[in-house]
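Heads up, the thing below is written out as structure tokens.
Per chain, numbering begins at 1; letters A, B, ... match sequence-line order.
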Amino acid sequence: MSELETVAELAKRRGFFFQTAESYGGVGGFFTYGPQGSALKRNVEDRWRDRFVTRAGNMEVSAPDVMPEPVFEASGHLDGFDDMIVECPECDASHRADHLVEDNSEYEDAEALGIERVADLLGELDIACPDCCTPLAGESVEEFNLMFGTDIGPGSSQPGYLRPETAQGIFTEFPRLKEYARGQLPFGVAQIGDAYRNEIAPRRGLIRVRAFTQAELEQFIDPAEDEPDIESVADVELPLYSATAQEGDGKQETYTVREAVEEGVIESEWIAYYLGLARDWYDAIGIDMDRFRYRQHKAGERAHYAADCWDAETELDGEWVEVTGFAYRSDYDLTNHAEATGDTFTVFKQYDEPKTVERPSVDPDMATLGPEFGGQAGAVADALDALAAAGPDAFDGETVAVEVDGESVEVDADVANFEVETVTEAGEHITPHVVEPSFGIGRLFYSVLVHSYETDEVDGEERTYLSLPAELAPTFACVVPLVSNEPAIVEQAERAREQLREAGLAVAYDESGAIGRRYRRQDEIGTPVCVTVDHETIEKEPTSVTVRDRDTTAQARIPVEELQECLLALRAGTDFADLLERDTVTPL
RNA sequence: GUGCCGUUGGUCCAGUGGUAGGACAUUAGCUUCCCAAGCUAAUAGCCCGGGUUCAAUUCCCGGACGGCACACCA
């Protein structure tokens, strides 16, 4: 079995994740997180929240999964998600029709031409199937929209879609969110939630699915002056696989964040900052740093609005899998939502010193324009207003010419009431730029599982365990009575279990089977410690139990009254070896 | 979407035109034991629909799901 198969088998057997609705034959691309997986996933999310929300001083929101159609018209997903597919009549291969047109012509964005034009171009440009060279002229071009559609309310009058990324739920609420930030840039808004894509071909377990959890941070900045706290991550070492390297010798290189910025390997300081911050976070949640890299998008791979884009990738079964995208989205989204809604997606930026500027303006005499132009009067006034800003010289003559609905219209200059006002401007409205780290929680979850999967040998028997970080483990401790037919031992074990649960620890209890078997069960789901109540516990004073370390299987005897505190320390990151240094703790 | 291969207890597999067997796991008991021990017993399965047949888990067709390749992955 491959590494992924082995872990998927364990995941199914031990309740990490499994395919949804298998009783009904299963459904492609959907997975359910079981008892252990649900806890592990939640812990990954909590760690993310701790690092990228709480400790970063960012806000968090939770938007609905369904949004009305116009939101996705503005965001570009309605068009952008419509893949144009053409099928070869000879070999049945599917190809992106727009890509074929782009490859065979000067068009750079064939998708914008529309489906019929693209279909025509297949003929006009004599495009043939790249696989078997059969001409594709006359073949129909089909659309595949990767968004899940639905209807909001009864009937189909208000179409909606399941969000293909959580980000739009943040952008759409920007006018309100900036109020909560008191209009001050920079600020960050995060969201952890599910996103949906109706993938043509779901693949490889949790890696390509149709419903998945994203943790996204939208960092809103003033591009002119906001800078990240790059010093705080300057010495973090980044394994970078740059676009240049990908096209050249194919080698990744390690740079500190400082070097990467100074040498221009990473263009945006904000991106560099987040790559640094995130690297240590990946390390902390158990991603193997020898199987991790940051890969820069190549020029053709980048979205047209992105200045620079890097992916965090983990290696699973010999293949690199994108677990996070770090994109500089500029003002693309906010500008589009502003245009679509007319709402204010800008912040007011005060100047250090108010500026005095001369502003040309008009105050058209509507009593004259009204009778003269009738219904067009308003448009004429607007045109004059626009002209005042664009070409104030036009008002120097006796009359002013403006264009309304394609016709040239003449107006007496005095009717326009042109004047140049001297006004004091305290600041300006700017559209923030957005830096977006977008984490795929499911893929990270999978990577953590695969990278923490270990086997070793204990007393001649092979052992499987998950070396999960203590704070991530779905079950933190398991309490086991050494034997189950001595009431005093069982009672003491039950007391220990309750004591630890009251401390807020996720504690399992197991009195079934031989002791070694019970340890192995816990090893396999990555439980960091097992607490064993034995004969000595009930026979000797002070009352003590043994605590077993998952990774080394080492054991130590600890007084019961210190148990709670010791385990809390272990969960907070104390090494088992450090615990052994304590006077009251006896290594076995 | 296309092609190839596959789908049998919870898991991993074997097998058959006359409805199935192993290993591991699970549960109960004995054993009272510090690393998957042993013994006894129990629970539990042929992906779905149609066809051929006296009889289909097995053969044929279709579907669903999975793996791989191609394509796709804003």
Side-chain angles (χ1 to χ4, degrees), chain A residues 1-2 4-6 8-15 18-30 34 72 75-88 90-100 109 111 129-132 142 144-147 164-165 167 197-205 207-210 301-306 309 321-322 325 327 456-465 480-486 489-490 511-524 530 532-536 545-546 548 550 552-555 557 588:
Chain A
M1 273 201 280
S2 73
L4 286 188
E5 285 169 331
T6 306
E9 188 271 319
L10 184 146
K12 205 188 296 185
R13 195 160 38 79
R14 291 300 190 192
F18 49 86
Q19 211 189 352
T20 297
E22 283 191 298
S23 299
Y24 286 86
V27 52
F30 292 94
F72 300 111
S75 72
H77 288 98
L78 207 56
D79 287 338
F81 256 51
D82 265 339
D83 283 350
M84 295 185 188
I85 305 281
V86 62
E87 241 174 69
C88 173
E90 198 59 36
C91 69
D92 290 327
S94 294
H95 302 281
R96 281 283 294 270
D98 51 328
H99 287 183
L100 291 178
D109 185 14
E111 209 164 359
C129 173
D131 290 352
C132 68
E142 286 180 55
F144 282 94
N145 193 299
L146 296 185
M147 283 197 293
E165 60 171 1
R197 297 176 192 184
N198 201 1
E199 295 287 350
I200 298 170
R203 269 301 159 75
R204 303 176 69 204
I207 291 172
R208 222 161 101 201
V209 293
R210 292 190 166 121
E301 199 176 346
R302 283 204 294 263
H304 61 276
Y305 52 81
C309 190
V321 173
E322 176 192 348
D456 64 2
E457 205 169 275
V458 174
D459 292 350
E461 297 277 357
E462 188 176 313
R463 180 177 78 118
T464 295
Y465 66 103
V480 297
L482 184 62
V483 295
S484 57
N485 63 351
E486 285 194 38
I489 287 183
V490 171
E511 56 175 45
S512 166
I515 188 75
R517 174 186 295 271
R518 286 179 271 167
Y519 289 152
R520 299 302 166 81
R521 280 184 193 134
Q522 296 304 321
D523 289 338
E524 215 176 27
C530 285
T532 309
V533 174
D534 58 12
H535 293 101
E536 199 171 325
V545 294
T546 67
R548 170 187 179 272
R550 174 197 64 202
T552 60
T553 75
Q555 283 185 290
R557 185 162 287 281
L588 298 176

Interatomic distance where CG belongs to A/Leu146 and P belongs to B/G1 [whole Å]: 13 Å

Nearest non-hydrogen partners of A/Pro202 and A/Gly28, listed with the distance: CG-C, 4.1 Å

First of A/Gly25 and A/Ala554 reached from the 5' end of RNA chain B, by closest nucleotide: A/Ala554

Audit row: A/Arg13, A/Glu524, salt bridge (Lys or Arg N to Asp or Glu O under 4.0 Å) steps and yes/no: CA-CA 10 Å; A/Arg13 195 160 38 79; A/Glu524 215 176 27; 3.1 Å; yes

Pairwise side-chain contact, A/Lys12 with A/Glu9, heavy-atom cut-off 4.5 Å (strictly under): no

Selection from B/C35, B/U32, B/C12 that lies nearest to any side-chain heavy atom of A/Glu9: B/C12

Any N/O donor-acceptor pair, A/Tyr24 side-chain to B/C48 base, under 3.5 Å: no

Exercise: identify the closest heavy-atom pair between A/Ile489 and A/Leu482: CG2-N, 4.1 Å

Closest listed nucleotide, where the reference is the side chain of A/Tyr519 and the choices are B/A36, B/U11, B/C35: B/C35

Shortest non-hydrogen separation from A/Pro164 to A/Phe72 and the atoms involved: CD-CE2, 3.5 Å

Touch class at under 4.0 angstrom, heavy-atom based, for A/Val27 against every strand present: sugar-phosphate

Touch class at under 4.0 angstrom, heavy-atom based, for A/Asp534 against every strand present: base

Atom pair distance, as rounded to whole Å: CD in A/Gln522 and P in B/A36: 15 Å

Cationic N near anionic O, under 4.0 Å, A/Arg463 to A/Asp456: yes

Heavy-atom side-chain proximity of A/Gln522 to A/Val480 below 4.5 angstrom: no

A/Thr464 side chain reached by A/Thr6 side chain, heavy atoms, under 4.5 Å: no

Touch class at under 4.0 angstrom, heavy-atom based, for A/Gly29 against every strand present: sugar-phosphate

Distance in angstrom units between A/Asn485 CG and B/C33 C1', rounded: 10 Å

Nearest-Å distance once atom P is located in both B/G10 and B/C72: 40 Å

Any A/Glu199 side-chain heavy atom under 4.5 Å of A/Val209 side chain: no

Whole-angstrom distance between B/C5 and B/C73, as gauged at atom P: 28 Å

Atom-pair distance (CD1 on A/Ile489; P on B/C33), nearest Å: 9 Å

Any side-chain heavy-atom pair of A/Thr546 and A/Glu536 under 4.5 Å: no

N/O donor-acceptor pair, side chain A/Arg548 with base B/C35, under 3.5 angstrom: yes

Any A/Gln19 side-chain nitrogen or oxygen under 4.0 Å from OP1 or OP2 of B/C65: no

Contact nearer the 5' end of RNA chain B, comparing A/Gln555 with A/Arg210: A/Gln555

Candidate pair A/Arg557 and A/Asp534, rule side chain to side chain contact (heavy atoms under 4.5 Å, CB included), full reasoning: CA-CA 11 Å; A/Arg557 185 162 287 281; A/Asp534 58 12; 2.6 Å; yes

Touch class at under 4.0 angstrom, heavy-atom based, for A/Leu482 against every strand present: base

Nearest-Å distance once atom P is located in both B/C60 and B/C68: 25 Å

C1'-based separation of B/U19 from B/A44 [nearest Å]: 16 Å

Of residues 457-464 of chain A, the positions that come close to RNA chain B - non-hydrogen atoms, cut-off under 4.0 Å: A/Val458, A/Asp459, A/Glu461, A/Glu462

Nucleotides 24-28 of chain B: which of its N/O atoms have a protein N/O under 3.5 Å away?
from  : atom 1 : to       : atom 2 : distance (Å)
B/A25 : OP1    : A/Arg517 : NH1    : 2.9
B/U26 : OP1    : A/Arg521 : NE     : 2.4
B/U26 : OP1    : A/Arg521 : NH2    : 2.4
B/U26 : OP2    : A/Arg517 : NH1    : 2.8
B/U27 : OP2    : A/Ser512 : OG     : 3.0

Separation of atom CD in A/Glu199 from atom P in B/A71, rounded to whole Å: 16 Å

Spatial distance of atom CD (A/Glu322) from atom CZ (A/Arg208) [nearest 0.5 Å]: 11.5 Å

Base-paired stems in RNA chain B, each at least three Watson-Crick or G-U pairs under 3.5 Å: B:1-7 with B:64-70, B:10-13 with B:21-24, B:26-30 with B:38-42, B:47-51 with B:59-63

A/Glu5 CD to B/C13 C1', straight-line distance once rounded to whole Å: 14 Å

Of A/Arg517, A/Arg550, A/Arg518, A/Arg548, the residue whose pairing with A/Asp523 passes salt bridge (charged side-chain N to carboxylate O under 4.0 Å, His left out): A/Arg548

Pairwise C1' distance for B/C39 and B/U32, with rounding to whole Å: 15 Å

Whole-Å gap separating C1' (B/U7) and NZ (A/Lys12): 11 Å

Span that lies between the C1' atom of B/G49 and that of B/G67, in whole angstrom: 24 Å

Nearest listed nucleotide, side chain of A/Arg208, among B/A71, B/U32, B/U11: B/A71

Rounded distance in Å - CE (A/Met147) to C1' (B/C73): 15 Å

B/U43 versus B/U11 - spacing of their C1' atoms, nearest Å: 15 Å

Distance, C1' atom - from B/C12 to B/A71, rounded to whole angstrom: 33 Å

